[in-house]
Visitor: 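Please see the structure below; I have some questions.
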Amino acid sequence: MLHDCIIIGGGIAGTQAAIQLGRYSTHRVLVIDSGYGRSSVCHTYHNILGWPEGVTGEDLRRTGRKQAEALGVEFVQDAVMEAARDGERFVLTTGTGKRFFSHTVLLATGMMDRYPEIPGLRDTLGYSVYICPDCDGYEIVDQKTVLIGSGEHGSGMAVLLSERTPHLTYINHERAPIEERLLEHMRKVGIDYEEQKVAEVRSDDHRDIRSVVLEDGRELEADKGFIAFGGSHVRTELAVQLGVTLEGNRHIKTDSRTKMTDVEGVWAAGDIGLHSELSTIAMGEGTQAAIWIHKKLRKIHKSL
């Protein structure tokens, strides 16, 4: 079957785009989703309109999929490994060897944050240990907070977070170098600094962080936590295969009005874009891309 649009990625941006395209009622839309992404890690979105008590990423993915399926959008759980243009259509090949064909493609593959396997960290991640200071900085206001990170990426995050709480400790888990001027700046704004590995993150039955145990055996109490290791994996491999130009940080710069890339027929939305990295922005970009994909498809159908 030749689809009108294939959306690669069923996270926030991809699912929102699917809902918008499904509401036109005239397009054959397929979402190919691996089933896990950055939104799967977040268990407490508190910055989304209508969810003051918070909502999990998995809830948004699940309810969004049901909403899109009710509009006729098809979902397949698989991972796209190869993407290419074949004349006027696109060919996508999955890890299970299936091939799908489409007039247009929306890349919503997102990114994944890098963090080491510290015992106990995953139990708290997305519950009481956070990633994004814009999304979750509010959660640590005046709270005793530990930031576990690496080098200057972590020190930059520490300075940002120090505006939210005066009770902040930055633990340079990977002992990556930090310029002396940056260390002095952290001292001036009242950030405690530790340069050693975290042996364990301890939490309670509700996944609320309670302390971190350092390599030297000391235990630091904490009410909240953040991680900042840098080197996140931006999932733009398929974009490269399609000839899309990447920025130096491997994110994709899209047209600000249409969200189309510099390759005709290929759109991008969400965290693979140039530093959106917010769920609310991903929703907007998904909708925005879908509107312009619809405009493109109307032209294609009229020409057939």
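Bear in mind the structure is a predicted one, so any value in this text is a computation, not a measurement. Nothing fancy with the numbering, it's 1 onward along the sequence.
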Visitor: Could you tell me whether a side-chain N or O of Asp59 sits under 3.5 Å from a main-chain N or O of Thr63, the two making a donor and an acceptor?
Guide: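 Here the side-chain-to-backbone pair does not exist.
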Visitor: Under a 3.5 Å distance rule, please check whether Thr280 uses its side chain to pair with a backbone N or O of Ile48 as donor and acceptor.
Guide: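 Not a single qualifying donor-acceptor pair exists.
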Visitor: Please determine whether the number of non-hydrogen atoms from other residues, nucleotides or ligands lying under 6.0 Å from atom CZ of Arg122 exceeds 12.
Guide: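 Atom CZ in Arg122 is not packed in, count stays at 12 or less.
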Visitor: Keeping the roles fixed (side chain from Gln16, backbone from Glu285), state whether a donor-acceptor pair exists under 3.5 Å.
Guide: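 Answer holds: no.
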Visitor: To the nearest 0.5 Å, what is the distance between CD1 on Ile178 and OG on Ser150?
Guide: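 Reported value, rounded in 0.5 Å steps: 8.0 Å.
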Visitor: For the residue pair Asp4 / His301, report whether a side-chain donor-acceptor contact shorter than 3.5 Å exists.
Guide: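 Their side chains do contain a donor-acceptor pair, which is all the 3.5 Å distance test asks for.
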Visitor: When you compare the side chain of Arg85 with that of Val263, does any pair of heavy atoms fall below 4.5 Å?
Guide: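 Result yes, sub-4.5 Å side-chain heavy-atom pair found.
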Visitor: Evaluate whether atom CD of Glu88 has more than 12 neighbouring non-hydrogen atoms of other residues, nucleotides or ligands under 6.0 angstrom away.
Guide: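 No, CD of Glu88 has 12 or fewer neighbouring heavy atoms, counting only those of other groups under 6.0 Å.
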Visitor: Hey, are the side chains of Ser279 and Asn47 touching, using non-hydrogen atoms and a 4.5 Å cut-off?
Guide: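 Contact flag for Ser279/Asn47 side chains = yes.
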Visitor: Working to the nearest 0.5 Å, report the span between OG1 of Thr94 and CE of Met81.
Guide: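 Rounded to the nearest 0.5 Å, the OG1-CE separation comes to 9.0 Å.
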Visitor: Does NE2 in His43 sit with more than 12 non-hydrogen atoms of other residues, nucleotides or ligands closer than 6.0 Å?
Guide: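 For His43, atom NE2 is crowded (more than 12 foreign heavy atoms under 6.0 Å).
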Visitor: Do Asp262 and Thr245 pair up side chain to side chain, a donor and an acceptor below 3.5 Å, judged on atom types alone?
Guide: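 There is such a pair between these side chains.
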Visitor: For the residue pair Val159 and His185, establish whether any side-chain heavy-atom pair is separated by less than 4.5 Å.
Guide: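 Counting from C-beta outward, Val159 and His185 do come under 4.5 Å.
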Visitor: Applying side chain to side chain contact (heavy atoms under 4.5 Å, CB included) to Val266 and Val244, what does each step give before you reach the verdict?
Guide: CA-CA 8 Å; Val266 179; Val244 173; 4.1 Å; yes
Visitor: Is a side-chain N or O of His233 found less than 3.5 angstrom from the main chain of Gly231, in a donor-acceptor match?
Guide: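 Looks like no, no N/O pair under 3.5 Å.
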Visitor: Please assess Val29 against Glu74 for the test side chain to side chain contact (heavy atoms under 4.5 Å, CB included), listing each intermediate value before the final yes or no.
Guide: CA-CA 6 Å; Val29 181; Glu74 181 185 357; over 6 Å; no
Visitor: Could you go through Ile252 and Leu246, starting from their C-alpha distance and side-chain angles, then the distance that decides it, and tell me whether this counts as side chain to side chain contact (heavy atoms under 4.5 Å, CB included)?
Guide: CA-CA 5 Å; Ile252 300 171; Leu246 304 185; 3.6 Å; yes
Visitor: Check the surroundings of atom CZ in Arg187: do more than 12 heavy atoms from other residues, nucleotides or ligands lie under 6.0 Å from it?
Guide: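 Counting other residues, nucleotides and ligands, CZ of Arg187 exceeds 12 neighbours.
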Visitor: Is Val201 close to Ile209 at the side-chain level, that is, under 4.5 Å between some pair of heavy atoms?
Guide: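 Ile209 vs Val201: side chains touch.
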Visitor: Check whether Asp223 reaches the backbone of Lys144 with its side chain - one donor and one acceptor, N or O, closer than 3.5 Å.
Guide: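 Yes; judged by distance alone, with no hydrogens or angles, the pair exists.
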Visitor: Heavy atoms only: give me the nearest Ala269-Gly286 pair and the separation to one decimal.
Guide: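 Smallest heavy-atom distance, with atoms named: CB-N, 3.9 Å.
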Visitor: Just wondering, are more than 12 heavy atoms of other shown residues or ligands nearer than 6.0 Å to CG in Leu49?
Guide: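 Count not over threshold, so no.
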Visitor: Would you please say whether a donor-acceptor pair under 3.5 Å links the side chains of Ser211 and Glu219?
Guide: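 Yes, because at least one side-chain N or O of Ser211 sits under 3.5 Å from a partner of the opposite role on Glu219.
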Visitor: Can a donor-acceptor pair be found, under 3.5 Å and without considering hydrogens, that links the side chain of Thr109 to the backbone of Arg235?
Guide: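 Judged by distance alone, yes, a pair lies under 3.5 Å.
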Visitor: Does Glu174 come within less than 4.0 Å of Lys197, counting only side-chain N to carboxylate O?
Guide: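 Answer for the salt bridge query: no.
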Visitor: Show your working on side chain to side chain contact (heavy atoms under 4.5 Å, CB included) between Leu106 and Ile6 and close with a plain yes or no.
Guide: CA-CA 6 Å; Leu106 172 60; Ile6 293 180; over 6 Å; no
Visitor: Please give me the minimum heavy-atom distance between Phe226 and Ile131, naming the atom from each residue.
Guide: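 Residues Phe226 and Ile131, closest heavy atoms: CE2-C, 3.8 Å.
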Visitor: I'd like to know whether CZ of Phe101 has more than 12 heavy-atom contacts from other residues, nucleotides or ligands below 6.0 angstrom.
Guide: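 Check passes, neighbour count above 12.
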Visitor: I'd like to know if the side chain of Glu58 pairs up with that of Ser40 as donor and acceptor (distance under 3.5 Å, no hydrogens or angles considered).
Guide: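 Note: Glu58 and Ser40 side chains meet the donor-acceptor criterion.
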Visitor: Judged by modelled atom types alone, do Thr15 and Arg61 share a side-chain donor-acceptor pair under 3.5 Å?
Guide: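 Not at all, the side chains of Thr15 and Arg61 share no donor-acceptor pair under 3.5 Å.
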Visitor: Return the minimal non-hydrogen interatomic distance between Val31 and Gly10, and the atom names on each side.
Guide: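 Scanning both residues, the minimum pair turns out to be CG1-CA, 4.0 Å.
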Visitor: Quick check: closest heavy atoms across Leu147 and Gly154, and the distance to 0.1 Å?
Guide: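 In this case the closest contact between Leu147 and Gly154 is CD2-O, 3.2 Å.
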Visitor: Test your reading of the model: is there a side-chain donor-acceptor pair from Thr236 to the backbone of Arg250, 3.5 Å cut-off?
Guide: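 Answer holds: yes.
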Visitor: Check the side chains of Ser203 and Asp123 for a donor-acceptor pair under 3.5 angstrom, ignoring hydrogens and angles.
Guide: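 Note: Asp123 and Ser203 side chains miss the donor-acceptor criterion.
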Visitor: When you measure from the side chain of His251 to the backbone of Gly273, do you find a donor-acceptor pair of N or O atoms at a distance under 3.5 Å?
Guide: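 It does hold such a pair.
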Visitor: For His294 and His27, what are the C-alpha separation, side-chain angles and deciding distance, and is it a ring-ring contact (aromatic ring centres under 6.0 Å, His included)?
Guide: CA-CA 8 Å; His294 167 66; His27 305 311; 5.0 Å; yes
Visitor: Side chains of Met112 and Val41: does their closest heavy-atom pair fall under 4.5 Å?
Guide: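 Result yes, sub-4.5 Å side-chain heavy-atom pair found.
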Visitor: Looking at CH2 of Trp267 and SG of Cys5, how far apart are the two atoms once the value is rounded to the nearest 0.5 Å?
Guide: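 Result: 8.0 Å between the selected atoms.
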Visitor: Could you walk me through whether Lys296 and Glu264 pass the salt bridge (Lys or Arg N to Asp or Glu O under 4.0 Å) check?
Guide: CA-CA 10 Å; Lys296 174 69 172 180; Glu264 183 70 26; 2.7 Å; yes
Visitor: Salt bridge or not between Arg202 and Glu221? Use side-chain N to carboxylate O under 4.0 Å.
Guide: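 Here Arg202 does not pair with Glu221 in a salt bridge, since their nearest N and O are not under 4.0 Å apart.
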Visitor: With Pro133, which of Met157, Arg164, Glu163 fulfils side-chain contact (heavy atoms from CB on, under 4.5 Å)?
Guide: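 So the option named by the test is Met157.
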Visitor: We want to know whether Lys224 and Thr145 form a side-chain donor-acceptor pair, criterion being a heavy-atom distance below 3.5 angstrom.
Guide: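 No, because no side-chain N or O of Lys224 sits under 3.5 Å from a partner of the opposite role on Thr145.
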Visitor: Indicate yes or no for a side-chain donor-acceptor contact from His46 to the backbone of Thr44 under 3.5 Å, with no hydrogens or angles considered.
Guide: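 Here the side-chain-to-backbone pair exists.
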Visitor: Ignoring hydrogens and angles, state whether a donor on the side chain of Asp208 or Tyr127 is under 3.5 Å from an acceptor on the partner side chain.
Guide: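 Short answer, no.
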Visitor: Could you tell me which non-hydrogen atom of Val73 sits nearest to which non-hydrogen atom of Ala18, and how far apart they are?
Guide: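 Closest approach of Val73 to Ala18, heavy atoms only: CG2-O, 3.4 Å.
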Visitor: Kindly give the heavy-atom pair with the smallest separation between Tyr170 and Ala158, and that separation in Å.
Guide: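 Looks like CB-CB, 4.1 Å.
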Visitor: Could you go through Arg99 and Glu82, starting from their C-alpha distance and side-chain angles, then the distance that decides it, and tell me whether this counts as salt bridge (Lys or Arg N to Asp or Glu O under 4.0 Å)?
Guide: CA-CA 9 Å; Arg99 301 178 79 204; Glu82 296 179 12; over 6 Å; no
Visitor: Atom CG of Asp78 and atom NZ of Lys98: how far apart are they, to the nearest 0.5 Å?
Guide: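 Between Asp78 CG and Lys98 NZ, I get 6.0 Å after rounding to 0.5 Å.
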Visitor: Using 0.5 Å steps for rounding, measure from the CG atom of Asp271 to the CD atom of Glu277.
Guide: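 Rounded to the nearest 0.5 Å, the CG-CD separation comes out at 5.5 Å.
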Visitor: Can you check whether Thr169 reaches Tyr193 side chain to side chain, under 4.5 Å on heavy atoms?
Guide: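 No, side chains not in contact.
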Visitor: Nearest 0.5 Å please: distance from the NE2 atom of His153 over to the CD1 atom of Ile227.
Guide: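 Answer for the NE2-CD1 pair, His153 versus Ile227, is 9.0 Å.
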Visitor: Could you verify whether a donor N or O on one side chain and an acceptor N or O on the other, from Asp216 and Gln196, lie under 3.5 Å apart?
Guide: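 A donor-acceptor contact under 3.5 Å links the two side chains.
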Visitor: Could you walk me through whether Phe229 and Tyr115 pass ring-ring contact (aromatic ring centres under 6.0 Å, His included), step by step?
Guide: CA-CA 6 Å; Phe229 286 92; Tyr115 56 90; 7.7 Å; no
Visitor: Taking the side chain from Asp136 and the backbone from Glu139, do they hold a donor-acceptor pair closer than 3.5 Å?
Guide: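 A pair under 3.5 Å: no.
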Visitor: Evaluate the side-chain proximity of Ser102 to Leu30: yes if any heavy-atom separation is below 4.5 Å, no if none is.
Guide: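 A side-chain contact under 4.5 Å is absent here.
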